[in-house]
Amino acid sequence: MARDLGPGFVKRNPYESEPGFWPVLDANCVWQREPLPATALASLTRYMELPAEDGKGPIRVAAIVTVHPTVVDAEWEMAETLEEALRCPDQQLRQGERITGLLSQGADFGLMGNFTSEDSLTESGKYYSDQLGGPHYYYWVQSRLSQVTVAVVGKGSKGRSDEEVDAALLQGVNQMLSRAEIELEAPE
């Protein structure tokens, strides 16, 4: 997966999330890992980065795929993701990392440049890190094909342009959508 984001991306440690869990935004706007609900069959997050170099900080990326039992369950995940930015425009990602000023936008197929999935959403905001400082660029792209959702989030740092982060995200989400489409079309 790291090479799908572009040249130079490497796996972070830990590389994969624990099976049987998924991220949930709690009532205090803090992200937690909780057991999968009945509306999700499986979810996996992978963590990668473009390491710091030439006076520039790293670009950190997480890619998430979730498989739901039904299309309706996947549609609800998309709707809830949009609602989370409205409910919590400022969020704590993990200890020492937070995002502020989140804005989100959704688009069905054919609207606002979405020609790759049945449903798509984006979120943008400012990223702050005890380790990397801030504010830095933060962007989230999530798409749905049938009962599968894929998402890629990018966090910039010193010296990294918004375009550098966007390029990795778009390349990553398009690769994930392509793989999901192949799997969904495969004979059983």
With no hydrogens and no angle check, is any side-chain donor or acceptor of Ser157 less than 3.5 Å from a backbone partner on Pro58? yes
Any salt bridge linking Glu77 with Arg144? Criterion: basic side-chain nitrogen under 4.0 Å from a carboxylate oxygen. no
Across all chains, not counting sequence neighbours, the salt bridge (charged side-chain N to carboxylate O under 4.0 Å, His left out) partners of Arg94 are Glu97
Applying salt bridge (charged side-chain N to carboxylate O under 4.0 Å, His left out) to Glu80 and not counting sequence neighbours gives none
Check whether any side-chain N or O of Ser17 sits under 3.5 Å from a backbone N or O of Thr45 as a donor-acceptor pair, and report yes or no. yes
So which heavy atom on Ile59 is nearest to which on Phe9, and how close? O-CE2, 4.0 Å
Pro35 and Phe21: which non-hydrogen atoms are nearest, and at how many Å? N-CD2, 3.4 Å
Are any of the side-chain heavy atoms of Glu49 and Val10 separated by less than 4.5 Å? yes
Kindly give the heavy-atom pair with the smallest separation between Trp31 and Glu84, and that separation in Å. CH2-OE1, 3.4 Å
Test item: Ser146 side-chain N/O and Val148 main-chain N/O as donor-acceptor pair under 3.5 Å: no
Thr149 and Val65: side-chain contact (heavy atoms from CB on, under 4.5 Å), yes or no, with the steps? CA-CA 6 Å; Thr149 62; Val65 62; over 6 Å; no
Does any part of the side chain of Ile64, heavy atoms only, come nearer than 4.5 Å to the side chain of Val150, both counted from C-beta? no
Determine, stepwise, if the pair Glu164 / Lys56 fulfils salt bridge (Lys or Arg N to Asp or Glu O under 4.0 Å). CA-CA 12 Å; Glu164 286 178 285; Lys56 296 180 179 182; 3.6 Å; yes
Arg98/Leu93 under side-chain contact (heavy atoms from CB on, under 4.5 Å): CA gap, chis, key distance, verdict: CA-CA 5 Å; Arg98 62 187 173 89; Leu93 301 176; 5.8 Å; no
Flag yes if Val61 and Tyr15 sit in one hydrophobic cluster, no otherwise; membership is Ile, Leu, Val, Met, Phe, Trp, Tyr, and two members link when side-chain heavy atoms are under 4.5 Å apart. yes
Minimum heavy-atom separation for Arg46 and Leu44, please, with both atom names. NE-CD2, 3.9 Å
Quick one: side-chain hydrogen bond (donor to acceptor under 3.5 Å, both in side chains) pairs with a partner in residues 18-27, sequence neighbours left out? Asp26-Gln32
Distance-only, no hydrogens or angles: does the His68 side chain make a donor-acceptor pair with backbone N or O of Gln147 under 3.5 Å? no
Looking only at side chains, do Asp166 and Tyr137 share a donor and an acceptor under 3.5 Å apart? yes
Intermediate values then yes/no, side-chain contact (heavy atoms from CB on, under 4.5 Å), Tyr47 and Asn13: CA-CA 8 Å; Tyr47 305 94; Asn13 188 11; over 6 Å; no
For Ser43 and Leu36, which heavy atoms make the closest approach, and how far apart are they? CB-CD2, 3.8 Å
Using side-chain heavy atoms (C-beta onward) and a distance below 4.5 Å, is Val153 in contact with Arg60? no
Would you say Leu25 and Tyr127 are hydrophobically clustered, going by side-chain heavy atoms of ILVMFWY under 4.5 Å? yes
Please examine the side chains of Leu121 and Met78, heavy atoms only from C-beta on, and report whether any two atoms are closer than 4.5 Å. yes
Decide yes or no for Trp140 and Thr81: does some side-chain heavy atom of the first lie under 4.5 Å from some side-chain heavy atom of the second? yes
I need the Thr122 OG1 to Tyr139 OH distance, nearest 0.5 Å. 3.5 Å
More than 12 heavy atoms from other groups under 6.0 Å of CD on Glu53: yes
Which heavy atom of Asp90 sits nearest a heavy atom of Thr100, and at what distance? OD1-CA, 3.1 Å
